[in-house]
K.L.:
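Okay, handing you the structure first.
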Amino acid sequence: MGRRSEKLYEDFAVVMDEIHSADDPREAYALVQDRINEYRSAGWAVPDDLIRVERNLMSEFMAESQGR
């Protein structure tokens, strides 16, 4: 694994810890959005796992808003 790959993996692990420790799902979603924006502004590809987390959170919010 290259240095950049290691950094991205470590960074993703930190993000996941922050998400799991968030008291409010909206806070977790904001953390994910912030991190995605950081990757994009740095010109890096956003990790697929982070995109999946964003989509899962959004799906949960939509389901809750529809009373499911």
K.L.:
With a 4.5 Å cut-off on side-chain heavy atoms, are Val15 and Leu31 touching?
P.N.:
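They are not in contact (no side-chain heavy atoms under 4.5 Å apart), so the answer is no.
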K.L.:
Looking at CZ of Arg35 and CG of Asn37, how far apart are the two atoms once the value is rounded to the nearest 0.5 Å?
P.N.:
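One finds 11.0 Å between CZ of Arg35 and CG of Asn37.
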K.L.:
Please test Asp24 against Tyr29 for side-chain contact (heavy atoms from CB on, under 4.5 Å), starting from the C-alpha separation and ending with a verdict.
P.N.:
CA-CA 9 Å; Asp24 184 345; Tyr29 185 74; over 6 Å; no
K.L.:
Apply the side-chain contact (heavy atoms from CB on, under 4.5 Å) test between Met58 and each candidate in Glu54, Glu60, Met62; give the one that qualifies.
P.N.:
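Per the side-chain contact (heavy atoms from CB on, under 4.5 Å) rule, the option paired with Met58 is Met62, out of Glu54, Glu60, Met62.
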K.L.:
Using 0.5 Å steps for rounding, measure from the OG atom of Ser41 to the CD1 atom of Ile36.
P.N.:
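Interatomic distance, Ser41 OG to Ile36 CD1, rounded to 0.5 Å: 12.0 Å.
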K.L.:
Nearest 0.5 Å please: distance from the CH2 atom of Trp44 over to the CD atom of Glu38.
P.N.:
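Here the interatomic distance stands at 9.0 Å.
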K.L.:
Before you tell me yes or no, could you show the steps for Val53 and Met16 under side-chain contact (heavy atoms from CB on, under 4.5 Å), namely the whole-Å CA-CA distance, both residues' side-chain angles and the distance that decides it to 0.1 Å?
P.N.:
CA-CA 9 Å; Val53 169; Met16 292 307 295; 3.8 Å; yes
K.L.:
Quick one, Glu27 and Glu18 - any side-chain contact, counting heavy atoms below 4.5 Å?
P.N.:
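Not touching, per the 4.5 Å side-chain cut-off.
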K.L.:
Just verifying a value: how many Å separate Asn56 CG and Asp49 CG, rounded to the nearest 0.5 Å?
P.N.:
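Answer rounded to 0.5 Å: 10.5 Å.
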K.L.:
When rounded to the nearest 0.5 angstrom, what is the spacing between CD in Gln33 and CG in Leu50?
P.N.:
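It is 9.0 Å, given to the nearest 0.5 Å.
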K.L.:
What are the two closest non-hydrogen atoms of Ala28 and Ile19, and how far apart are they?
P.N.:
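Where Ala28 meets Ile19 most closely, the heavy atoms are CB-CG2, 3.8 Å.
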